[in-house]
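Throughout, protein chains are lettered first and strands after them, A, B, ... in sequence-line order, and every chain is numbered starting at 1. Values below: all heavy atoms of this structure, side chains included; hydrogens, waters and symmetry mates excluded.
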Amino acid sequence: EAGVAQSPRYKIIEKRQSVAFWCNPISGHATLYWYQQILGQGPKLLIQFQNNGVVDDSQLPKDRFSAERLKGVDSTLKIQPAKLEDSAVYLCASSLRGANYGYTFGSGTRLTVV
Amino acid sequence: DQQVKQNSPSLSVQEGRISILNCDYTNSMFDYFLWYKKYPAEGPTFLISISSIKDKNEDGRFTVFLNKSAKHLSLHIVPSQPGDSAVYFCAGEDTGKLIFGQGTTLQVKP
């Protein structure tokens, strides 16, 4: 089965610019997650979708971050405007049977804000 | 608040020996615990999990032990191989979400 696809792999932007990341989960996986991994730290959940509905976005900085999963399949995460502290790897993951069976992560998008 | 902690940033072991990675947690509501392995420039990959009602789960060279009273779990890799060199993350599952520790970098020397 195809894995979780993410693009772009790398992105460098200046602070105050906007950026968008795209994720296509494994076919049939209803649950989709976006994680932020800052260098030297573990992944931190930003938002969780179940189909096209938001389950948990309590850790999403909503003043600058937004995410959508309009048709319940692929998803986009946007940052506008970006800050230096947003430099991180943004990981998308999807799950079929629930978190306890493990989710499948994409390779991530490495964002550098300069 | 850090609900999952991996207090050892790095670990170095000799090929063929045992690697023991440790993890502590504070959230009593975790139903499952999972270990992930991450190579550079790749996403984390699922390694092994354990239910909170069990104290041991084994899969080949990998065994996870859970001590609920101490809120501690560990991952044992026996025997360790150079290909096991990676960052290992411990995670707890709570209401469908995974909460990760900071990771431990394992280096297995030939």
Check your understanding: Using 4.0 Å as the upper bound for N to carboxylate O, is an ion pair formed by B/R61 and B/D84?
Key -> yes

**Study point:** Under 4.5 Å from any heavy atom of chain B - which part of A/R9
**Key:** side chain

Review point. In terms of heavy-atom proximity below 4.5 Å to chain A, should B/A91 be classed as side chain, backbone, both, or neither?
Key: neither

Review point. With a 4.5 angstrom heavy-atom cut-off, which part of A/Q6 approaches chain B: side chain, backbone, both or neither?
Key: neither

Exercise for review: Would you tell me whether A/Y35 and A/Y103 have side-chain atoms, one donor and one acceptor, within less than 3.5 Å of each other?
Suggested key: yes

Exercise for review: Specify which of B/A41, B/G103, B/P9 makes the most heavy-atom pairs with chain A at under 4.5 Å.
Suggested key: B/A41

**Study point:** CZ/B/R17: more than 12 non-hydrogen atoms of other groups inside 6.0 Å
**Key:** no

Review point. Is A/K15 salt-bridged to A/D86, going by a charged N under 4.0 Å from an acidic O?
Key: no

Revision key, fill the gap. Okay, A/Q41 and chain B: the region with an atom under 4.5 Å from a heavy atom over there is backbone

**Study point:** A/K71 atom NZ, neighbour heavy-atom count above 12 within 6.0 Å
**Key:** no

